[in-house]
Amino acid sequence: MLQVNVMRNNPQFVKERLAVKNFKQPELVDAIIALDDERKKLQAEFDSLQAKINASSKNIGTLMAAGDTKEAAQLKADVATWKSQLDPVKKQAAETEKKLEETITLLPNLPSERVPKGFSAEDNEVVKQNEVPTLSENALPHWELTKKYKLIDFDLGTKITGSGFPVYTGKGAKLQRSLIQYFLDYNTNAGYKEIIPPFMVNEASAFGTGQLPDKEGQMYFVNEDGFYLIPTSEVPLTNIYRDTIVKQEELPVKMTAYSPCFRREAGSYGKDVRGLNRLHQFEKVEIVQLIEANKSYEALEEMVDHVERLLQLLELPYRILRLCGGDMSFTSALTYDFEVYSAAQKRWLEVSSVSNFESYQSNRLKCRYKDEAGKMQLVHTLNGSSLALPRILACLLENNQTENSIILPEVLHNYFGADVIN
RNA sequence: GGUGAGGUGGGUGAGUGGCUCAAACCAGUAGUUUGCUAAACUGCCGUACGGGUUAAACUGUACCGAGGGUUCGAAUCCCUCCCUCACCGCCA
């Protein structure tokens with residue numbers, strides 16, 4: 001969440017930035033500042049009353065020890081008076097603080113200056129785009145190919161669980177595993193520490209990275225235990241550092257993890273959910289960084305290059321988008337999306353989203369470090385997919401199909417144990 | 001799931017109502033000294049929100065798992081919840 005001081009220092013700037021995200025309630029900025037003023041005032045009142053009570057209580061102790069019960073009784077009466085004044089202040093302060101917290105939580109992160117204005121995916125800025133391949137007339141979409149080579153059984157998944165929970169079988173399962181392993185190796189070679197996190201998180205974690213309250217209905221929830229199934233391993237990974245003061249020399253923290261990701265995807269339909277395009281459970285390898293504020297955009301570029309190189313190694317046609325204000329996530333300050341071209345479907349599919357959250361997450365997480373001057377600073381958090389599996393798989397199958405085989409990119413040969421599926 | 005024991009500052013760990021604005025030790029840090037891949041000694045060494053300052057100094061309040069309660073006063077007593085550990089049961 002945003003810091004009140006940022007709003008206080010330049011409310012106009014904050015409102016302008018929020019407008020880029022098409023945020024409709026700029027007046028909340030003023031409301032927050034007013035609530036914060038109120039909070040300060042109430043706290044000052046509370047503090048001075050409490051100070052008097054503390055001092056008198058101490059005196060009562062001394063007087064009692066000296067046997068001066070009369071004087072002590074007088075002080076007790078004073079304390080009783082102050083306490084009766086204190087209670088309403090305390091209550092009001094708690095209410096103000098709660099209201100303040102709730103209101104701040106409504107504000108999305110501020111987009112960085114490089115974020116283009118816009119309302120939807122149409123307005124995203126294409127930073128780079130490969131030439132798209134064309135396939136022969138009788139080329140098959142991936143949902144036919146997975147059937148043809150017995151790689152994925154969608155119907156079986158529907159039987160066992162429901163739609164959007166595919167079953168990978170035989171070479172399909174092995175290819176999936178090969179990709180996961182390859183991605184993890186690629187990431188760890190670049191200095192990311194491998195982690196296997198929990199696949200369910202508690203409410204505090206879901207709030208910490210901003211899934212709550214914004215995406216409440218998008219996560220699967222285990223009511224009995226109060227746990228959420230993770231929509232991405234960003235959540236458990238970043239929350240490793242919740243309520244932590246990191247040593248500056250440990251920065252940047254770089255982590256990578258494979259995990260299944262669970263998303264309810266309520267409201268999706270049609271060609272968007274066909275085959276591997278959009279699932280309720282999918283596999284993903286994630287990268288996360290925590291870094292000092294002045295280095296976070298450098299880190300973002302590094303992560304973008306990292307993901308781009310991976311796509312090149314997979315020999316897939318891709319493009320890079322800089323998301324516009326309207327298409328970015330609630331918590332992000334700047335996001336690059338990577339899309340690969342699905343040649344049989346003739347459409348681009350998102351396979352990675354690399355974002356800098358600046359201090360929006362860390363302010364909720366309370367993840368800080370001490371700078372050279374000994375002052376506490378919020379870290380900046382970043383994450384990205386490296387990579388999401390299903391759509392990569394879809395494109396590999398579609399783009400590399402021949403009459404009776406699928407040719408795999410060279411980097412996968414050793415992992416998969418063959419250079420072709422047939 | 002059952003029974004028992006616990007949750008204190010970066011770590012270990014004292015502390016059963018006021019002298020604890022949490023002891024001591026370890027780690028960390030700054031310095032002193034000693035002819036030196038190190039030791040000894042001394043100081044400093046939590047976080048949050050306020051006030052104060054150019055910045056400090058200084059200063060108020062809160063925080064000993066969380067939330068309530070008793071009391072003039074709570075780490076300490078009471079209640080509820082959460083979590084951890086041990087053993088038993090069940091189980092990959």
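In this text, all values refer to a predicted model and were calculated from it rather than measured experimentally. Heavy atoms only: backbone and side chains are in, while hydrogens, waters and symmetry mates are out. Proteins get letters first, then strands, A, B, ... in listed order; numbering begins at 1 in each.
Considering only residues two or more places apart in sequence or on other chains, Glu315(A) meets the salt bridge (charged side-chain N to carboxylate O under 4.0 Å, His left out) condition with none of them. Listed by chain and residue number, Thr402(A), Ile407(A), Val420(A), Asn422(A) satisfy the side-chain contact (heavy atoms from CB on, under 4.5 Å) test with Ser405(A) (two or more places apart in sequence, or in another chain). With sequence neighbours excluded, the residues forming a side-chain contact (heavy atoms from CB on, under 4.5 Å) with Leu140(A) are Glu144(A), Leu145(A), Lys148(A), Gln401(A), listed by chain and number. The salt bridge (charged side-chain N to carboxylate O under 4.0 Å, His left out) test applied to Glu234(A) returns no partner, not counting sequence neighbours. Scanning for ring-ring contact (aromatic ring centres under 6.0 Å, His included) contacts around Phe165(A) gives His280(A), with sequence neighbours left out. In this structure, Lys171(A) has no salt bridge (charged side-chain N to carboxylate O under 4.0 Å, His left out) partners at least two apart in sequence or on a different chain.
Residues of residues 71-88 of chain A that place a heavy atom closer than 4.0 Å to RNA chain B, in numerical order, are Lys76(A), Val79(A), Lys83(A).
A ring pair (Phe, Tyr, Trp, His ring centres under 6.0 Å) check over residues 224-243 of chain A, counting only residues at least two apart or in different chains, returns the pairs Phe221(A)-Tyr228(A).
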Its dot-bracket string being built from Watson-Crick and G-U pairs below 3.5 Å, with | for another strand and [ ] for crossing, RNA chain B has the pattern ((((((((.[[[..)..(.....]]].(((((.......))))).((((((......)))))).[[[[[..)....]]]]])))))))....
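Regarding Asp371(A), its CG atom lies at a distance of 14 Å from the C1' atom of rA55(B), rounded to whole Å.
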Which protein N or O atoms sit under 3.5 Å from an N or O of nucleotides 15-19 of chain B?
residue : atom : partner  : partner atom : Å
rG18(B) : N2   : Ser57(A) : O            : 2.5

Pairs under 3.5 Å (N/O, protein and nucleotides 57-62 of chain B):
residue : atom : partner  : partner atom : Å
rG60(B) : N2   : Gln43(A) : NE2          : 3.4
rG60(B) : N2   : Asp47(A) : OD2          : 2.9
rU61(B) : O2'  : Asp47(A) : OD1          : 3.1
rA62(B) : OP1  : Asn54(A) : ND2          : 3.4

Between protein and nucleotides 77-85 of chain B, what N or O pairs are separated by less than 3.5 Å?
none

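As rounded to the nearest Å, rU12(B) and rG18(B) have P atoms that lie 26 Å from one another.
Checking Tyr336(A) against Glu125(A) by side-chain atom types alone, no donor-acceptor pair falls below 3.5 Å. Side-chain N/O atoms of Asn202(A) and Ser205(A) include a donor and acceptor closer than 3.5 Å.
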